[in-house]
Trainee: 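I'd like to ask you about the structure that follows.
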Amino acid sequence: MRRGFFKGIGVNILLLGMVSLLADISSEMMMPLLPMFIAALGGSALVIGLVGGFGDSITSLLQVFSGYWSDRYGRKKPFVFSGYAISAIAKLFLAISTIWQHVFITRSLDRAGKGLRTAPRDAIIADSTLTEVRGTAFGIHRAMDTAGAIVGSLLAFLLFWFLGLEFRAILLISAVIAFLALLPILRVREVKREPQKIGLGISFKALPRNLKWFVLIASIFALGNFTYMFFILRAQDFFTGVVSERAAAAIPILLYVLYNVVYALLSVPAGMLSDRIGRRRVLLLGYLLFGLTCLGFALLESLVFFIILFALYGLVYALVEGTQRAFVSDLASAELRGTALGALHTCIGLAALPASLIAGTLWQHIDPAATFLYGCVLGLIAAAALLRIHIR
């Protein structure tokens, strides 16, 4: 299991990376179009916040249960396969949505599939690597995941701009690709563990104190880390009336491609950096940078500034996403790693819905800039908390 293409990193990382690559090609064909699709179906900024926030919450809330049950039964692969299958089915129905309520249901089902698979998948990744290269392993996985995002969002742009396909046709193509992502999972070999006879409440109490503190700080960050849809809407609003209607939809898609390119290119270096200087320092940089990026979205408006800000947004995710998971994996015992990762994602999920609803309310009733000032403040608060609380 330890043999692989990098020293100390198992072949499972490559297989699960291929799954995420295909799944993200599918998902990211949909992601940059989704806020505009919702708006076209009559959804307001508050509705967009609801769809994005509720979907993120469903994802994270389910992860603690999938992580817990995968630990309890000693099997993780069935949860991973089922989660990807549910998402693929949901995407088929998303393509035929006619009102925003349909999008709300299908998007929630898609995110439920993600919630079912993520914690067990991350636990397999952690089990398949040596501790000293775990950050690198998560970085490799995130890089392949985000490489799929680059291909998917770029493919969406090409289909929309050059072939002239409408949103529904692109969404249908993305659903077909989602089913292809199921194939590599069949070759994954998980580490066999004895079923854990634990109760859900007991397992949470058994988590280390340092881990609980970090989950709290990550939740504060998540409360300000509202759905990506508002970043796309911010760009679309600026370009609407400045360029043609089709170009005003295409430019945000390209900016989203840039975000994913930066995210993919820097995920492995960020993981390696966390192995070298420590997870805490990398996360502190990520939280601070998120606050500054949101401040930029609130105050700056031009094509040049949007290029810079979307690149910084990608850097934030490269620094934070994989590192948070690696940090939790370090702080938890191997037997409860799935539960610990699930706990992280669940607490983040509890913050995701209010985060996006608050963002949507500020956007709709005050000003779009207020949405990003809110994200700035929460990002800086999370950074300050991480700086004051010493976690090893």
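This is a predicted model, so every value here is computed, not measured.
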Trainee: Just verifying a value: how many Å separate T371 OG1 and Q364 CD, rounded to the nearest 0.5 Å?
Mentor: 10.0 Å
Trainee: Could you tell me whether a side-chain N or O of T59 sits under 3.5 Å from a main-chain N or O of G55, the two making a donor and an acceptor?
Mentor: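 A pair under 3.5 Å: yes.
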Trainee: Can you get from L292 to V262 by hopping between Ile, Leu, Val, Met, Phe, Trp and Tyr side chains that sit under 4.5 Å apart?
Mentor: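 The answer is no; the residues belong to distinct hydrophobic clusters.
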Trainee: Would L183 end up clustered with V151 when hydrophobic side chains under 4.5 Å apart are linked, directly or stepwise?
Mentor: no
Trainee: How about CZ on F104, more than 12 heavy atoms from neighbouring residues, nucleotides or ligands closer than 6.0 Å, or not?
Mentor: yes
Trainee: Which pair of non-hydrogen atoms, one from R280 and one from L387, has the smallest distance, and what is that distance?
Mentor: NH2-O, 2.9 Å
Trainee: Would a 4.5 Å heavy-atom cut-off, applied to side chains only, mark L353 and L50 as touching?
Mentor: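 Of all side-chain heavy-atom pairs linking L50 with L353, at least one is under 4.5 Å.
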Trainee: Do F231 and F372 have ring centroids that are under 6.0 Å from one another?
Mentor: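 Yes, close enough.
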Trainee: Are V19 and R121 side-chain neighbours, meaning at least one heavy-atom pair lies under 4.5 Å?
Mentor: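 Answer no - side chains too far apart.
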Trainee: Linking I/L/V/M/F/W/Y whenever any side-chain heavy atoms sit under 4.5 Å apart, do V176 and L33 land together?
Mentor: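 Cluster IDs for V176 and L33 differ.
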Trainee: Would the number of heavy atoms belonging to other residues, nucleotides or ligands and lying under 6.0 Å from CZ of F54 be above 12?
Mentor: no
Trainee: Checking side-chain contact (heavy atoms from CB on, under 4.5 Å) for the pair F79/I124: CA distance, chi angles, key distance, verdict?
Mentor: CA-CA 11 Å; F79 293 89; I124 292 177; over 6 Å; no
Trainee: Grouping I, L, V, M, F, W and Y whenever their side-chain heavy atoms are under 4.5 Å apart, do I99 and M229 come out in a common cluster?
Mentor: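 Each belongs to a different hydrophobic cluster.
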Trainee: Report yes if the side chains of R279 and L331 come closer than 4.5 Å at any heavy-atom pair, otherwise no.
Mentor: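 No, too far: nothing below the 4.5 Å cut-off.
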Trainee: Checking the side chain of S57 only, and the main-chain atoms of G349 only, is there a donor and an acceptor separated by less than 3.5 Å?
Mentor: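 A pair under 3.5 Å: yes.
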Trainee: Would you indicate whether the side-chain heavy atoms of S20 and Y84 approach each other to under 4.5 Å?
Mentor: yes
Trainee: How about Y317 and F290: do any of their side-chain heavy atoms sit closer than 4.5 Å?
Mentor: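 No; the side chains remain at least 4.5 Å from each other.
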Trainee: Please report whether the ring centroid of Y259 lies less than 6.0 Å from that of Y256.
Mentor: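 Centroid separation for Y256 and Y259: below 6.0 Å.
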Trainee: Take F221 and L283, measure what side-chain contact (heavy atoms from CB on, under 4.5 Å) needs, and give me the verdict at the end.
Mentor: CA-CA 11 Å; F221 175 74; L283 288 172; over 6 Å; no
Trainee: Calculate, to the nearest 0.5 Å, the distance between atoms CZ and CG belonging to R234 and L300 respectively.
Mentor: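 Reported to 0.5 Å precision, the distance equals 9.5 Å.
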Trainee: Quick check, are the ring centers of F310 and Y263 under 6.0 angstrom apart?
Mentor: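 Centroid separation for F310 and Y263: 6.0 Å or greater.
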Trainee: Specify the closest pair of heavy atoms between A119 and S66, including all atoms of both residues, with the distance to one decimal.
Mentor: CB-OG, 4.1 Å
Trainee: Are the side chain of R168 and the backbone N or O of S97 linked by a donor-acceptor pair below 3.5 Å?
Mentor: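 Pair found, side chain donor or acceptor close to backbone of S97.
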Trainee: How many angstroms lie between atom CG of L116 and atom CZ of F81, to the nearest 0.5 angstrom?
Mentor: 12.0 Å
Trainee: Cation-pi between R246 and F160: NZ/CZ under 6.0 Å from ring centre and within 45° of the ring axis?
Mentor: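 Flagged: R246 positioned over aromatic ring of F160.
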Trainee: Is D110 paired with K91 through a side-chain N to carboxylate O contact shorter than 4.0 Å?
Mentor: yes
Trainee: Considering all heavy atoms of both residues, which atom of M29 and which atom of G152 are nearest to each other, and what is their separation?
Mentor: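 For M29 and G152, the tightest heavy-atom pair comes out as CG-O, 3.2 Å.
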Trainee: Heavy atoms, side chains only, cut-off 4.5 Å: are N12 and L15 in contact?
Mentor: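 Side-chain contact under 4.5 Å: yes.
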Trainee: Grab the two heavy atoms, one from P252 and one from A247, that are nearest each other, plus how far apart they are.
Mentor: CD-O, 4.3 Å
Trainee: If you look at every heavy atom in A156 and I170, which pair is closest and at what distance?
Mentor: O-CD1, 3.9 Å
Trainee: Would L46 and L357 satisfy side-chain contact (heavy atoms from CB on, under 4.5 Å), going step by step from the backbone distance to the final call?
Mentor: CA-CA 6 Å; L46 188 57; L357 287 178; 4.2 Å; yes
Trainee: Could you walk me through whether L34 and I232 satisfy the side-chain contact (heavy atoms from CB on, under 4.5 Å) test, starting with their C-alpha distance in whole Å, then the side-chain angles of each, then the deciding distance to 0.1 Å, before giving a yes or no?
Mentor: CA-CA 10 Å; L34 193 58; I232 291 178; over 6 Å; no
Trainee: Give a yes or no answer on whether the side chain of S153 reaches the backbone of I150 with a donor-acceptor pair at less than 3.5 Å.
Mentor: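 At least one qualifying donor-acceptor pair exists.
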Trainee: Under a 4.5 Å cut-off applied to non-hydrogen side-chain atoms, are R117 and S87 in contact?
Mentor: yes
Trainee: Let me see the working for T106 and H102 under side chain to side chain donor-acceptor pair (under 3.5 Å), right down to the final yes or no.
Mentor: CA-CA 6 Å; T106 55; H102 292 161; over 6 Å; no
Trainee: For P184 and A181, which heavy atoms make the closest approach, and how far apart are they?
Mentor: CD-O, 3.4 Å
Trainee: Nearest 0.5 Å, please: how far is CE in M30 from CG in D24?
Mentor: 9.5 Å
Trainee: Is any side-chain heavy atom of E321 less than 4.5 Å from a side-chain heavy atom of F138?
Mentor: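 SC-SC contact between E321 and F138 ruled out.
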Trainee: So, W363 versus F230, ring centres under 6.0 angstrom or not?
Mentor: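 Under 6.0 Å, so yes.
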Trainee: Is a side-chain donor-acceptor pair under 3.5 Å present for D56 with Y228?
Mentor: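 Side-chain D/A pair, Y228 to D56: absent.
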Trainee: Atom CZ of R388 and atom CD1 of I217: how far apart are they, to the nearest 0.5 Å?
Mentor: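 Reported value, rounded in 0.5 Å steps: 11.0 Å.
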Trainee: State the CG-CE distance between L14 and M144, to the nearest 0.5 angstrom.
Mentor: 5.0 Å
Trainee: Please enumerate all residues that pass ring-ring contact (aromatic ring centres under 6.0 Å, His included) together with F179, with sequence neighbours excluded.
Mentor: none
